[in-house]
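Remarks on the structure that follows.
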Number of protein chains: 2
Amino acid sequence: MNSSRPVTIKDIARRFRCSPSTVSRALNDHPAINEDTRKNIQEYAKEVGYQRNEVSLSLLNKKTASLGVVVPTISNYYETAVIEGLHTVLQPMGYTLNICVTNENYLLEKEYLSKLLSNRTEGIFLSVSQETYDSGYYEHLESVIQRKTPLIFIDREYEDFETSRATVDDYHGAFAAVEHLITIGYKQIAHLKGPNGLTVSEQRLKGYIDCLKKYNMSVQEELIINTNFKVESAIVPTKRLLEMTSPPDAIFGVNDQVAIGAMRVVKDKGLRIPQDVGLVGFDNSPISAYTFPSLTTVSRPGRKIGMEASRLFLNQVNASGDFLHESIVLPSELIIRESSLRTPQG
Amino acid sequence: MNSSRPVTIKDIARRFRCSPSTVSRALNDHPAINEDTRKNIQEYAKEVGYQRNEVSLSLLNKKTASLGVVVPTISNYYETAVIEGLHTVLQPMGYTLNICVTNENYLLEKEYLSKLLSNRTEGIFLSVSQETYDSGYYEHLESVIQRKTPLIFIDREYEDFETSRATVDDYHGAFAAVEHLITIGYKQIAHLKGPNGLTVSEQRLKGYIDCLKKYNMSVQEELIINTNFKVESAIVPTKRLLEMTSPPDAIFGVNDQVAIGAMRVVKDKGLRIPQDVGLVGFDNSPISAYTFPSLTTVSRPGRKIGMEASRLFLNQVNASGDFLHESIVLPSELIIRESSLRTPQG
């Protein structure tokens, strides 16, 4: 037993001159197996480092307790909150989660789904990668459905796809943020936008633009500048905004990181927040409540999304007969703090 | 084919009245299979949604391209940076990563390792859970070694364990942070500590205490207060520190989140940073460079740890014959910024 090949049930069966199923039963304490045989086989299996192939067993039992979570990134507060919500509901029920990160890459997403199915994963939670979304590929998703494996969309999703989903209303969150700035009296509102092409960037941009239009304010191209979600990507754009001949008096950041980067630049310029410049972020990340001044932001209920997605999965697993897929859209919520709370002006 | 059981090679073989191995060869474009048969089988397999069981195939090929990453959490900047480092090296080589979160729980860690082995994972990167570490359990790790599956420790580790590891020197990072505060003239240095029992908390506390001792400064129990790593957990402890009859003139936070929470409280009190109170964090999280003032901190090279761990894994996989395990300890690095940079005093 010195080869590097893992020991199999067959190896043990050969050693004991019995059938593999006898070995399998002995290892599983099956009552049909004689007590001594059971003990001998179990001791020998332990000695040679036999590791039960639970995947094969699962083919017999028709069930494993593994679930897949396929997401574009785990570097943001939002995604880890969703995963925490899944853990909270599903781990106590005996499920384990395989987390797979696609980096917005279609081929990687396809590969992960294929591997999860091969390992007889009992359900898959998916936030579609941007590349998949843009290209409209969906065959790899069809194959999940065809295999009757529950597929639950979290966050990014395909609208015309027959499956359950739990998502957040980003558009109205952005709309509410800008409406708040307008109501409180800010006249010239800039937007530090996310990367082009990402759904989340476009939804928030749309909320920003539609809100300006609703209030008959002009949409100025030069007040919309790209960032990459990271705090440092806000520095140069914010400097550019503040050096304009007619600079903005408020900035709506695509997320909290970007808004906090902008906050630093505004302070370095000697401008006061919120009196001279109002600031709003997005995410309600833990830090946003403790910056100085604290940051007005839009809360995305990530943990709740994870818990709702778990419920949708369990509904599907426990359904008898016909089953109707559910679509849940949770509202995002404006959290007003110091960074935008100046005295309302005409 | 309307049952919910996945279609197997056997089902297809029955349909074509041939052996399963013929089906397998046809699906893998084996030249021994007649062109028409191959085409018919492939079309039929696609039609009924057959999904190749790559785990079974991997038993034949002796290789899968899946790796396990078992970590206590993915909610911190450091852990996601390590995973990003692993991705950077290993994904272009065709490896996919299964990320498993133990929440510092031994039984969950054991379950994850067992499942990874069952799925014929080719290597496992592990940061031992605190519960495992404290209890001294290691049989589940032995079984990984016994199976000849490469096991690489990242971050938390067992010292007397025959395997490769890449870790960060936390102790000297904390020591350097406190030494910097002393050198610059701070006289009474408090520590906002991490949760009791966590290795990372204890290492940083030890660095803090040993440094104070080296400089003949007294270690005062009341200047050491617990937090839970989260920004909000720093608020009450910092208030308590600042309300002491002889309050500290510097605070060393166990991580950046805690230091940023303390920063907010110090400002709310109307005290100046760094003139009245100096602040140091730990992690060099992206936000720390953009707080106002920017935060002095200790950098843990998470991404580099992931890349080094990848290298250790590849060394082991590619080794012919005898192989010596490597232990790599990367230094942590003090990053001096505005929050501690007051004019040195006697």
Side-chain angles (χ1 to χ4, degrees), chain A residues 4-8 48-49 51-57 59 62 64-66 73-75 77 80-81 83-84 87 91 96-101 103 108 111-112 114-115 117-120 142-143 146-149 230-232 234-235 257 260-261 263-264 267-268 286-287 289-292 294, chain B residues 4-8 48-49 51-57 59 62 64-66 73-75 77 80-81 83-84 87 91 96-101 103 108 111-112 114-115 117-120 142-143 146-149 230-232 234-235 257 260-261 263-264 267-268 286-287 289-292 294:
Chain A
S4 68
R5 184 173 66 85
V7 179
T8 67
V48 297
Q51 175 74 30
R52 205 180 315 176
N53 187 336
E54 284 171 16
V55 173
S56 310
L57 289 180
L59 293 179
K62 281 198 187 152
T64 76
S66 289
T73 174
I74 52 169
S75 299
Y77 172 68
T80 55
I83 292 169
E84 200 193 305
H87 270 297
Q91 242 167 33
T96 56
L97 303 182
N98 276 339
I99 302 164
C100 309
V101 180
N103 291 326
L108 210 46
E111 177 73 11
Y112 274 123
S114 163
K115 282 193 176 169
L117 290 179
S118 298
N119 287 337
R120 307 311 199 216
E142 294 274 16
S143 72
Q146 213 166 7
R147 282 275 295 264
K148 318 270 185 201
T149 304
K230 294 185 177 166
V231 60
E232 60 269 27
I235 306 303
Q257 296 278 316
I260 289 170
M263 184 182 281
R264 170 78 208 208
K267 285 184 176 179
D268 279 342
I287 210 97
Y290 297 98
T291 53
F292 192 85
S294 58
Chain B
S4 67
R5 185 173 66 84
V7 179
T8 67
V48 296
Q51 174 74 31
R52 203 179 316 175
N53 186 336
E54 284 170 16
V55 172
S56 310
L57 289 181
L59 293 178
K62 281 197 188 153
T64 76
S66 289
T73 174
I74 51 168
S75 299
Y77 172 68
T80 56
I83 292 169
E84 200 193 303
H87 270 297
Q91 241 168 31
T96 55
L97 303 182
N98 275 338
I99 302 163
C100 310
V101 180
N103 291 325
L108 210 46
E111 176 73 12
Y112 274 123
S114 162
K115 282 193 177 172
L117 290 179
S118 298
N119 287 337
R120 306 310 199 217
E142 294 275 15
S143 73
Q146 214 166 5
R147 281 275 297 264
K148 316 271 185 201
T149 304
K230 294 185 176 165
V231 60
E232 60 269 27
I235 306 304
Q257 296 278 316
I260 289 170
M263 184 182 283
R264 170 78 208 208
K267 285 184 176 180
D268 279 341
I287 209 97
Y290 298 98
T291 52
F292 191 84
S294 59

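Proteins come first, then strands; the chains are lettered A, B, ... in the order of their sequence lines, and each starts at number 1.
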>> Working to the nearest 0.5 angstrom, can you tell me the gap between B/Ile287 CD1 and A/Ile287 CD1?
In response: 6.0 Å
> Considering only heavy atoms, which portion of B/Glu142 lies under 4.5 Å from any heavy atom of chain A: side chain, backbone, both, or neither?
Replying inline: neither
> Any side-chain heavy atom of A/Ser66 within less than 4.5 Å of one from B/Lys115?
Replying inline: yes
> So do the side chains of B/Ile99 and A/Cys100 get within less than 4.5 Å of each other, counting heavy atoms only?
Replying inline: no
> What are the two closest non-hydrogen atoms of A/Ser294 and B/Arg264, and how far apart are they?
Replying inline: N-NH1, 3.2 Å
> Between B/Ile74 and A/Thr80, which heavy-atom pair has the shortest distance, and what is it?
Replying inline: O-CG2, 3.3 Å
>> Which atoms of A/Thr291 are under 4.5 Å from chain B, going by heavy atoms: the side chain, the backbone, both sets, or neither?
In response: backbone
> Looking at side-chain heavy atoms only, is the closest gap between A/Asn103 and B/Gln91 below 4.5 Å?
Replying inline: yes
>> As an exercise: rank A/Val101, A/Thr149, A/Asp268 by heavy-atom pairs under 4.5 Å with chain B and give me the winner.
In response: A/Val101
> Which atoms of A/Tyr112 come close to chain B, meaning under 4.5 Å heavy atom to heavy atom: side chain ones, backbone ones, both, or neither?
Replying inline: side chain
